[in-house]
Amino acid sequence: MSRFFRAGSDSESESESSDDGVQDVRPTAPARTMQFSDDEEETRRVVRSEKDKRYDEILTIVKQLKNHKKIKDFANVLTDFEGLIKAFEKARKVVDKEGVPRFYIKTLVELEDFINECWEDREWRKTISKNNSKGLSTVRQKIKKYNRDFEADITNYKANPDAGDDDADDDEDFKGKHIYSEEETPKPVVKRTEDKPAKVVRPPVSCDTSSFALSLSDWGSDESEESSSSDDEMPAMGKLTAEYFLKSTTEQEAQRREERKREKRLKKEEKDGKRKDDDEEEWQEVMRGAPSQIVVEKPKMFAKDQEITVEAVVKKLNEIIAMRGKKGTDRSVMIDMLRELKQIAETNNLGQPISVKICFNIMAAIYDYNPNIATCMKTEMWENSCLPTIQELLNTLVENSDIAVGENILEESEQLDKAPYRIRGCILTMVERLDEEFTKMLQACDAHSTEFVERLKDEQAMCDIINKLEKYLEKIGSSEEVCRIYLRKIEHLYYKRLLSISNISFKKHNYFFNQEKSSQALMDKMCKFIYAKDSTDRLRTRAMLCHIYHHALHDRWYQARDLMLMSHLQDNIQHSDVSTQILYNRTLVQLGLCGFRQGHIRDAHNALVDIQSSNRAKELLAQGLVPQRQHERSPEQEKIEKRRLLPYHKHINLELLECVYLVSAMLLEIPYMAAHELDVRKRMISKNFHHVLKMSERQTLTGPPESMREHVVAASKAMKNGDWKKCRDYIINEKMNAKVWDLFFQADKVRDMISAKIQEESLRTYLFRYSSLYDSLSLDSLAAMFKIDTTLAHATISKMIINEELMASLDEPTQIVVMHRTEPTRLQSLALQLSEKVGSLVDNNERIMEIKQGNFFFNKSSKFIREIISRIKTSSSSSGVGVVDVSISRETIPNNRGLTSLIGSHRCQVRKSVQIVLKAFDHTVSLLLPTLEF
């Protein structure tokens, strides 16, 4: 007979009995009409409604979403959220009938809160991958937009989140029924009979089966309870009637549901109680880095009955310090232990000296918290630990004058129990390190974010600390320490434009001054002290550069220029460290800007030309990194250079700097180009300006100017033609005002100065270019043409006559400029150029041959060539002669075949065309070079 029709048969029991070799003895029951095995029950079809199917899909996705939220996998969270929306749309028919399920609203609210919490954690966001960051931002946008459709439901849920416990239990029941026990089939409820099944006689269990039985007994109580309930619900053997195969009634199903709810509530309460007890042990945050580290146990402070004395506290302090640097030491735990030790010492009134010593060690532990020197301190550590500790330490030292601290005090000679107290430590070093950490925090912030502004507000606290320390060191510190704290104060002050203390806005933003002192007086006092007392060149150099910068910033041009020239810093600055060279570049740039504001155009150009000609102004001023064409930076080199960058609030506007340089070059270069238009060797004042002009000339189509450079180029072309109004309008307009000129202090004064300079230089350009067309010019007409005073026109033309730039004379009674025809014509100027070039060639040949052969050869050849040069000069100076006669007798020619063949009876005709003269000169040089021995 088949095992499927055997009474009380079971596939599992048969396999067990066959393996053990012992056959189970089971009592036979009365004959049954029909029996089903477990395998047939498992294959029974389950019919579910559409609501069950749709909610089943949604709950499956919710479960996946919760798992991805736990590990903060936002790429998958985005995928789950999109799938959740699609599943909800599929269930739209069910939702329209039943309403939005509460568990769905709960999921949306929890997801939005989780996203907002992660978004606010900025430090964590910096560490996540690019995919996670993209997923986080996308989910944040989508969840905000999607939740607008459920505003009323979300508001109701947030107002009373615990109101729907029954619905939540229904959902959990549904979830448990359809997700976690899908294989379980619905069982009908039938009347239980009083007949009990016969007891099963089981054989003794061997060792192997006992282990298997123990393993089975380890399964959770839920399965055993479910199996027992299912056994109870099964009817007695032989009682399988039609009632077994019919659907259960609604009342019976409701009773079953209520029973399950009670059971689940009891289980939930038990689990919550266990979780509260084991929460800390069960969950542990996994940190980045090595998977396993040796964790050093936190040592206990003191025993209950131990007497707390200074010696005991110092001993415990040394134990905590001994943990420093060991592998696995948690630095934050070490800081907490030091704070706890300090609190214990204060509770037991052990005195201020022991608190000062512990504060020194707390600050050292805080500075060691971040092992990487390139990264900055965390904001929480800065606000909650670093600043309060250093302020408390400094206040204690100022209030207790009997506490002496210093680096020269040895630990063995410390005295903590009686006055005078002596403690090893340097408060100045701590403050300097604090200032460096503050700078690194500003460097790490985005300059255009509110975080940078919030962090910059801490500069007031930083300056207060420096001010207190300055007063403290002026009383008991050495001159070297006073110089160091003065320099720190100067470096927070030199780049700020500060007026007198009487100004109200200055009172708000001033951190240093007393009511009687101004910024200039304070800078003079501190810098002069450093000049006199400092023994190191570095402090003196930096103080002098800051002093010059401060003078230039406040438009004290002559003081800044004289101090720069007398210091001779430009001779030795290349031997200084990189930060000092950056400060020198900044000072030089500020000096040039000051000269420009005061109208000293040539001095401003000379100060800015070195920075601007290199096209690396951003890098030279430490305001950013410029990509290098020749070679790429290594990662280490890039880190070092980024560490040198200045915070944003110290930057100098690079567009303003370039504009000032180009305008200065325009005012110098355009008149010079007009005066030396016919020169072959044109000397350039500004190569960068010429490059900008050439680039504009290469353009096939020139439109209206848009950028700052295009405005300067258009102004240069207008000035070259003598049109000063167009030139002024291109330089001073709304666009240029917004980009450049409004950034200046007293911008209207700067604009008036530029307009006056443009009028003056346009006058000079006009005279250079068109003076040959006039016999005389009226000063009044020139002044009216360029809208300047007659005295200014008179002064400008007088300077040109004195400097021999203009061949003219002034007739004072008639106020007329009379032109003199002494300038050479174009042909004569080209002939003079030829003579100068040949003369330089002769001089070079003489110098070389004097070294090799002596003066015998050049007694003849130099006489011959000088005669050629003299004839060219005399013929070019004579009027009306267009031919230069270079025929010379053979007696004056040395025995050189090249020269003999060249000269003979040959005549070189110099024509008016520039090209012919240049070709003749090139031909002459090509024939002379083979005969001249180099």
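Excluded from the calculations below are hydrogen atoms, water molecules and symmetry mates; all remaining heavy atoms, backbone and side chain alike, are included.
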Near-ring test [Y]/[X], centroid separation under 6.0 angstrom:
X      : Y      : answer
Tyr661 : His605 : yes
Tyr486 : Phe529 : yes
His649 : Tyr495 : yes
His600 : Phe596 : no

Sole residue of Ile573, Leu569, Leu545 in side chain to side chain contact (heavy atoms under 4.5 Å, CB included) with Thr587: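 Going through the options one by one, the only one that passes is Leu545.
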For the side chain to side chain contact (heavy atoms under 4.5 Å, CB included) test, which of His676, Glu761, Arg769 pairs with Pro671?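 So, applying the side chain to side chain contact (heavy atoms under 4.5 Å, CB included) to Pro671 and each of His676, Glu761, Arg769, only Glu761 qualifies.
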CA sep, side-chain torsions, deciding dist, call: Lys757, Ile601, side-chain contact (heavy atoms from CB on, under 4.5 Å): CA-CA 9 Å; Lys757 288 292 179 182; Ile601 303 299; 4.1 Å; yes
Can you name the salt bridge (Lys or Arg N to Asp or Glu O under 4.0 Å) partners of Asp458, sequence neighbours left out?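 For Asp458, the residues satisfying salt bridge (Lys or Arg N to Asp or Glu O under 4.0 Å) (neighbours in sequence not counted) are Arg455.
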Are [X] and [Y] close enough for a salt bridge, meaning some N to O gap below 4.0 Å?
X      : Y      : answer
Lys799 : Glu805 : no
Arg540 : Asp537 : yes
Glu669 : Lys687 : no
Glu470 : Arg488 : no

Work out which heavy atom in [X] is nearest to a heavy atom in [Y]; give both atom names and the distance.
X      : Y      : value
Leu693 : Ser716 : CD2-CB, 4.2 Å
Ala674 : Thr765 : CB-CG2, 3.9 Å
Ile530 : Cys483 : CD1-O, 3.9 Å
Trp724 : Ser762 : CB-OG, 3.4 Å
Tyr494 : His550 : O-CD2, 3.6 Å
Leu620 : Ser614 : CD1-OG, 3.4 Å

Hey, what do you get for [atom1] ([X]) to [atom2] ([Y]), rounding to the nearest 0.5 Å?
X      : Y      : atom1 : atom2 : result
Gln637 : Lys639 : CD    : NZ    : 13.0 Å
Phe745 : Arg497 : CZ    : CZ    : 4.5 Å
Leu608 : Leu591 : CG    : CG    : 9.0 Å
Met441 : Trp382 : CE    : CH2   : 6.0 Å
Ser634 : Ile640 : OG    : CD1   : 7.5 Å

Between [X] and [Y] (side chain of the first, backbone of the second, donor and acceptor by atom type, cut-off under 3.5 Å), is there such a pair?
X      : Y      : value
Lys496 : His492 : yes
Gln612 : Ala617 : no
Gln815 : Glu812 : yes
Glu437 : Cys376 : no
Ser449 : Cys445 : no
Asn653 : Glu655 : yes
His651 : Leu646 : yes

In the structure I gave you, are the side-chain heavy atoms of [X] and [Y] within less than 4.5 Å of one another anywhere?
X      : Y      : answer
Val713 : Pro705 : no
Thr790 : Asp780 : yes
Ile816 : Leu779 : no
Leu656 : Phe744 : yes
Asp446 : Glu451 : no
Phe786 : Lys725 : no
Met526 : His547 : no
Gln460 : Asp464 : yes

Residue [X] excluded, over 12 heavy atoms near [atom1] under 6.0 Å:
X      : atom1 : result
Lys650 : NZ    : yes
Gln574 : CD    : yes
Met695 : CE    : no
Lys642 : NZ    : no

Pairs touching residues 731-743 that satisfy side chain to side chain donor-acceptor pair (under 3.5 Å), sequence neighbours left out: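 Listed once each, the pairs are Asn737-Arg751, Asp742-Arg751.
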Is a donor from one side chain sitting under 3.5 angstrom from an acceptor on the other, for [X] and [Y]?
X      : Y      : result
Asp577 : Thr580 : yes
Ser686 : Asn688 : no
Thr791 : Asp789 : no

Residues in side chain to side chain donor-acceptor pair (under 3.5 Å) contact with Arg644, at least two apart in sequence or another chain: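 Partners of Arg644 under the side chain to side chain donor-acceptor pair (under 3.5 Å) test: none.
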Residues that His448 engages under ring-ring contact (aromatic ring centres under 6.0 Å, His included), provided they are two or more places apart: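 By the ring-ring contact (aromatic ring centres under 6.0 Å, His included) rule, His448 matches Tyr648.
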Pairs touching residues 692-718 that satisfy salt bridge (Lys or Arg N to Asp or Glu O under 4.0 Å), sequence neighbours left out: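 Pairs touching residues 692-718 that pass the test: Glu658-Arg709.
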Within residues 586-610 or reaching into it, pairs that qualify as salt bridge (Lys or Arg N to Asp or Glu O under 4.0 Å) - sequence neighbours excluded: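 Of all non-adjacent pairs touching residues 586-610, those that pass salt bridge (Lys or Arg N to Asp or Glu O under 4.0 Å) are Asp555-Arg597.
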Assess the residue pair Arg633 and Glu619 against the criterion (salt bridge (charged side-chain N to carboxylate O under 4.0 Å, His left out)); give the C-alpha distance rounded to whole Å, side-chain angles, the decisive distance to 0.1 Å, and a yes or no. CA-CA 13 Å; Arg633 300 181 182 88; Glu619 188 173 349; 3.4 Å; yes
Can you list the steps and then say if Met719 with Leu667 is a side-chain contact (heavy atoms from CB on, under 4.5 Å)? CA-CA 9 Å; Met719 181 183 281; Leu667 294 174; 3.7 Å; yes
Begin from the C-alpha positions of Val431 and Met462 and carry the test side-chain contact (heavy atoms from CB on, under 4.5 Å) through to its verdict. CA-CA 9 Å; Val431 173; Met462 191 70 231; 4.2 Å; yes
Worked verdict on Val817 versus Ser776 for side-chain contact (heavy atoms from CB on, under 4.5 Å): CA-CA 5 Å; Val817 183; Ser776 62; over 6 Å; no
